[in-house]
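See structure below.
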Amino acid sequence: MRLDRLLANSGLGTRSQVRAMIMHGKVKVNGTVVNDSSMHVNEDDPVEVDGQQINCQTKLYFLFDKPDGVLTAMEDKRLPCIADYIPAELKSKKLAPVGRLDYHTSGLLIITNDGELSHRLQSPRYEVPKIYLASFRGIDWTEDEINTIRSGFNIRDKGYDEKIAPAELIVTKKTSDGIGKALLTLREGKTHEVRRIFAFFDKEVIELRRIGLAGVTVREESDGCGSIRPLTEEELRMLFEATGMA
Ligand code: URA
């Protein structure tokens, strides 16, 4: 792609504005000052403007249905990880998962190279709803417990008080056979938060699957696990809307 187009696409100004920057020697490609606006550059070439590295990558957005038993990491020497599911032609696109799911959690993970969207989806500031489907072992939930979750509460499983933000629990199957099912909607993303909330109320999560994020969903059943596909325009719109980027 032409250097001026690539800089304009990166949001640095109009074509004529970025050409002026180039003319004034403010732009370096691969560490060398460049004065030719029509120079061809690759998305992977390091580009600096006024000494600042510019992210020139085309923005890509995928929905990955993570299987149980896969690490939320782009590289691991021992265990299966997300990179194993990313097609070879996308390996250079600096893709990264938005947040983390535990090794034994399956379900919805957004994978993108859009750092701003990733940051906002994870920030508690935007209160992006994340829906988890949990199978659990333990006695039935009481109304009091469900109300406590609804109001928010302090947890102290690490030796100090930590605030759990208001969340919503809907029990979909009672524990007559010892195993119940519940949907928990969180608007923050603390580490192991679902498992910790259930443990606080003396219940053990035995299977966990994230099925929704900001209106984007995957099937409740885990039989589609391991699939990866680009987000649709509509799904992307929901994520941008939920994070104030629409
Ligand atoms: N909460 C958990 O306990 N585990 C996850 O993977 C995600 C949320």
Side-chain angles (χ1 to χ4, degrees), residues 62-74 76 79-85 96-112 118-138 141 145-146 148-150 152-172 175 179-228 239 242-243:
F62 294 93
L63 189 157
F64 177 48
D65 191 343
K66 181 183 117 35
D68 180 352
V70 170
L71 213 56
T72 307
M74 293 309 282
D76 195 82
L79 297 168
C81 68
I82 293 175
D84 303 339
Y85 293 82
V98 175
R100 282 180 172 276
L101 291 178
D102 296 341
Y103 184 70
H104 283 303
T105 302
S106 72
L108 193 160
L109 252 187
I110 304 296
I111 297 182
T112 183
S118 178
H119 164 72
R120 290 185 183 215
L121 286 172
Q122 293 175 75
S123 164
R125 177 170 167 204
Y126 296 96
E127 300 185 351
V128 175
K130 301 157 191 90
I131 307 176
Y132 294 88
L133 175 62
S135 298
F136 65 94
R137 193 178 284 126
W141 290 90
E145 289 173 335
I146 293 172
T148 301
I149 288 179
R150 190 173 298 128
F153 61 100
N154 280 336
I155 203 164
R156 205 188 165 79
D157 55 2
K158 295 184 176 167
Y160 52 87
D161 276 346
E162 225 179 317
K163 238 186 166 22
I164 297 293
E168 191 183 355
L169 184 92
I170 299 172
V171 180
T172 56
T175 56
I179 310 283
K181 282 202 178 201
L183 288 167
L184 183 63
T185 303
L186 301 181
R187 289 188 169 72
E188 59 178 358
K190 294 196 167 68
T191 308
H192 311 312
E193 189 165 0
V194 177
R195 287 185 167 84
R196 291 170 65 202
I197 292 174
F198 274 67
F200 182 82
F201 294 101
D202 289 327
K203 292 152 194 11
E204 185 197 1
V205 170
I206 51 179
E207 217 177 297
L208 189 57
R209 179 163 169 75
R210 180 154 71 188
I211 58 169
L213 186 143
V216 177
T217 57
V218 292
R219 292 165 58 92
E220 289 194 10
E221 302 74 34
S222 55
D223 54 3
C225 271
S227 62
I228 183 164
L239 296 186
T243 52

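In this chain, numbering begins with 1 at the start of the sequence shown. Both counts, for ligands and for their atoms, begin at 1 and track the order of listing.
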Open item on the list: With heavy-atom distances below 4.0 Å as the criterion, list the atoms of ligand 1 near Thr105.
Closed with: 4 (N), 5 (C), 6 (O)
- [ ] Check each heavy atom of Leu186 against ligand 1 and say whether those closer than 4.0 Å belong to the side chain, the backbone, both or neither.
- [x] neither
Open item on the list: List the residues meeting ring-ring contact (aromatic ring centres under 6.0 Å, His included) with Phe62, not counting sequence neighbours, and say none if there are none.
Closed with: none
- [ ] Give the minimum heavy-atom separation between Arg219 and Ile211, together with the two atoms involved.
- [x] O-CG2, 4.0 Å
Task: Polar atom proximity, Arg100 to ligand 1 (N or O, under 3.5 Å) - done: no
Task: Numbering as shown, the atoms of ligand 1 that approach Val194 to under 4.0 Å (heavy-atom distance) - done: 1 (N), 2 (C), 3 (O), 8 (C)
- [ ] Do me a favour and list the nearest non-hydrogen protein atom to atom 4 (N) of ligand 1 with residue, atom name and distance?
- [x] Asp102 OD2, 2.8 Å
- [ ] Using a strict cut-off of 4.0 Å, indicate which atoms of ligand 1 neighbour a heavy atom of Tyr132.
- [x] 7 (C), 8 (C)
Open item on the list: By the definition side chain to side chain contact (heavy atoms under 4.5 Å, CB included), identify the one residue from Thr72, Ile228, Val98 that meets it with Ile111.
Closed with: Ile228
Task: Arg100 and Thr191: side chain donor to acceptor below 3.5 Å - done: no
Open item on the list: Within the structure provided, determine whether Glu168 and Pro129 are in side-chain contact (heavy-atom separation under 4.5 Å).
Closed with: no
